[in-house]
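Since the structure comes first, as structure tokens, the remarks are kept for the end.
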Amino acid sequence: MTQHVQPTGAVAGYRPERTLRLSVELRRQFKRRRTIGVFVLMVALPLVLIAALQLGASEEAQTNSRINLVDVATASGLNFTLFVLFATTGFFLVVVYALFFGDTVASEAQWGSLRYTLATPVPRMRLLRQKFAAALVLSVAALLTLAVVAVVAGGIAFGFAEIQTPIGVTLPQGEGLLRLAGMLGYLAVHLLVVGTLAFWLSTITDAPLAAVGGAVFTMFVFAILDQVEQLGSLRDWFPTAEEFAWTDLLQTPVDSSDLFRGVVQSLVYAAVFTALGFRHFSRRDVTS
């Protein structure tokens, strides 16, 4: 009998690092209706916005001498992509990140399958790491899907020309694509704030809606407080302070001060929320 038991007490052949592989978790998540629904929306949203811009175009709008974000949205596919990112940064992408991260542990607890997964046995911290990694992959994939569809669909509708900035400066296609990649990278990092907050809440509650809604509501509260000028420099420390700093990449030359601050601040918030999530889950009495 002893030859079938390891010194740790585990059954011979058991390898904790082989349990709940990331590919398995990703396949499980991709089969869920909420994942399919999110990616369908990511594909459909740029198409809806193109239709709105096409139907909303008028002679008065075309002769308007003022340059604003909506006007330059139809200048090229890249311009349209920038408009899509600007329109979705404050709400839509926040909800997407909160949904993928906030639904990680809470949904398993709600279904009553969390304790059975741990009894497989999957080490507790490994389970949380794999779910965090899967949520991160899905969130970034959703962001990239939105951008790719916007570039392709916008290019077909408005042409594959250079970027025209709101102040009238043009950027060549190659440089524009590089800057767009930088914008997506910044957004992927910045949105980790709401994602990791939802992740932490997901380890506390058995209700996915509470985790997702709590994270989104918190970000909205900070966004509202960010408009209160009387708070002064205190607003610079809000997690929403630099959410649109990626637009600085449209400047020539690029002013990277806000970008750097936004990345560092987002990583600090994300690290704190993630640590709190792992700390709470390591001490949680899993009964569901």
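Along the sequence shown, residues are numbered consecutively beginning with 1. Remember, it's a predicted structure, so these values are computed and weren't measured experimentally.
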Can you see which heavy atom on [X] is nearest to which on [Y], and at what distance?
{"X": "D255", "Y": "S257", "result": "OD1-OG, 3.0 Å"}
{"X": "F132", "Y": "T196", "result": "CE1-CG2, 3.9 Å"}
{"X": "A215", "Y": "A98", "result": "CB-CB, 4.3 Å"}

May I ask you to test the [X]-[Y] pair for a side-chain heavy-atom distance under 4.5 Å?
{"X": "R34", "Y": "L138", "answer": "yes"}
{"X": "L136", "Y": "F100", "answer": "no"}
{"X": "T218", "Y": "V194", "answer": "no"}
{"X": "F30", "Y": "F39", "answer": "yes"}
{"X": "M42", "Y": "F92", "answer": "yes"}
{"X": "F273", "Y": "V193", "answer": "yes"}
{"X": "L184", "Y": "L85", "answer": "yes"}
{"X": "T203", "Y": "R279", "answer": "no"}

Go through the steps to decide whether Q251 and T165 satisfy the test side-chain contact (heavy atoms from CB on, under 4.5 Å), and finish with yes or no.
CA-CA 8 Å; Q251 299 178 10; T165 67; over 6 Å; no

Would you call the rings of F199 and F101 parallel, tilted or perpendicular, where under 30° means parallel and over 60° means perpendicular?
perpendicular

Give a yes or no on whether the ring-centroid distance for F86 and F244 is below 6.0 angstrom.
yes

Begin with the C-alpha distance, continue with both residues' side-chain angles, and end with the deciding distance and a verdict on side-chain contact (heavy atoms from CB on, under 4.5 Å) for L249 and Y186.
CA-CA 10 Å; L249 287 170; Y186 178 85; 5.6 Å; no

So if you build clusters from Ile, Leu, Val, Met, Phe, Trp, Tyr with side-chain heavy-atom gaps below 4.5 Å, do [X] and [Y] land together?
{"X": "L143", "Y": "V43", "result": "no"}
{"X": "L267", "Y": "L197", "result": "yes"}
{"X": "F160", "Y": "I163", "result": "no"}
{"X": "W237", "Y": "M219", "result": "no"}
{"X": "V254", "Y": "L180", "result": "yes"}

Tell me whether the count of non-hydrogen atoms from other residues, nucleotides or ligands lying under 6.0 Å of CZ in F217 goes above 12.
no

CG/L209: more than 12 non-hydrogen atoms of other groups inside 6.0 Å:
no

Under 3.5 Å: donor-acceptor pair, side chain of [X], backbone of [Y]:
{"X": "T35", "Y": "K31", "result": "no"}
{"X": "S76", "Y": "E162", "result": "yes"}
{"X": "N79", "Y": "Q164", "result": "yes"}
{"X": "S202", "Y": "V105", "result": "yes"}
{"X": "T274", "Y": "A270", "result": "yes"}
{"X": "Q265", "Y": "F238", "result": "yes"}

Quick check for you: to the nearest 0.5 Å, what is the distance between [X] atom [atom1] and [Y] atom [atom2]?
{"X": "W246", "Y": "T89", "atom1": "CH2", "atom2": "OG1", "value": "5.0 Å"}
{"X": "L225", "Y": "F222", "atom1": "CG", "atom2": "CZ", "value": "7.0 Å"}
{"X": "E242", "Y": "D226", "atom1": "CD", "atom2": "CG", "value": "9.0 Å"}
{"X": "I50", "Y": "L55", "atom1": "CD1", "atom2": "CG", "value": "11.5 Å"}
{"X": "L78", "Y": "R179", "atom1": "CG", "atom2": "CZ", "value": "12.0 Å"}
{"X": "K131", "Y": "F281", "atom1": "NZ", "atom2": "CZ", "value": "9.0 Å"}

side-chain hydrogen bond (donor to acceptor under 3.5 Å, both in side chains) filter on S266, not counting sequence neighbours, yields H190

Quick one: do L99 and V216 satisfy side-chain contact (heavy atoms from CB on, under 4.5 Å)? Show the steps, please.
CA-CA 9 Å; L99 178 62; V216 173; over 6 Å; no

Could you list the donor-acceptor pairs under 3.5 angstrom formed between side-chain atoms of residues 146-154 and any protein atom two or more places apart in sequence or on another chain?
none

Check whether the side chains of Q227 and R235 place a donor and an acceptor atom closer than 3.5 Å, and report yes or no.
no

Looking only at the side chains, is there a donor atom on one of D236 and S233 sitting less than 3.5 Å from an acceptor on the other?
no

Output all residues satisfying ring pair (Phe, Tyr, Trp, His ring centres under 6.0 Å) with F91, sequence neighbours left out; order by chain, then residue number.
F220

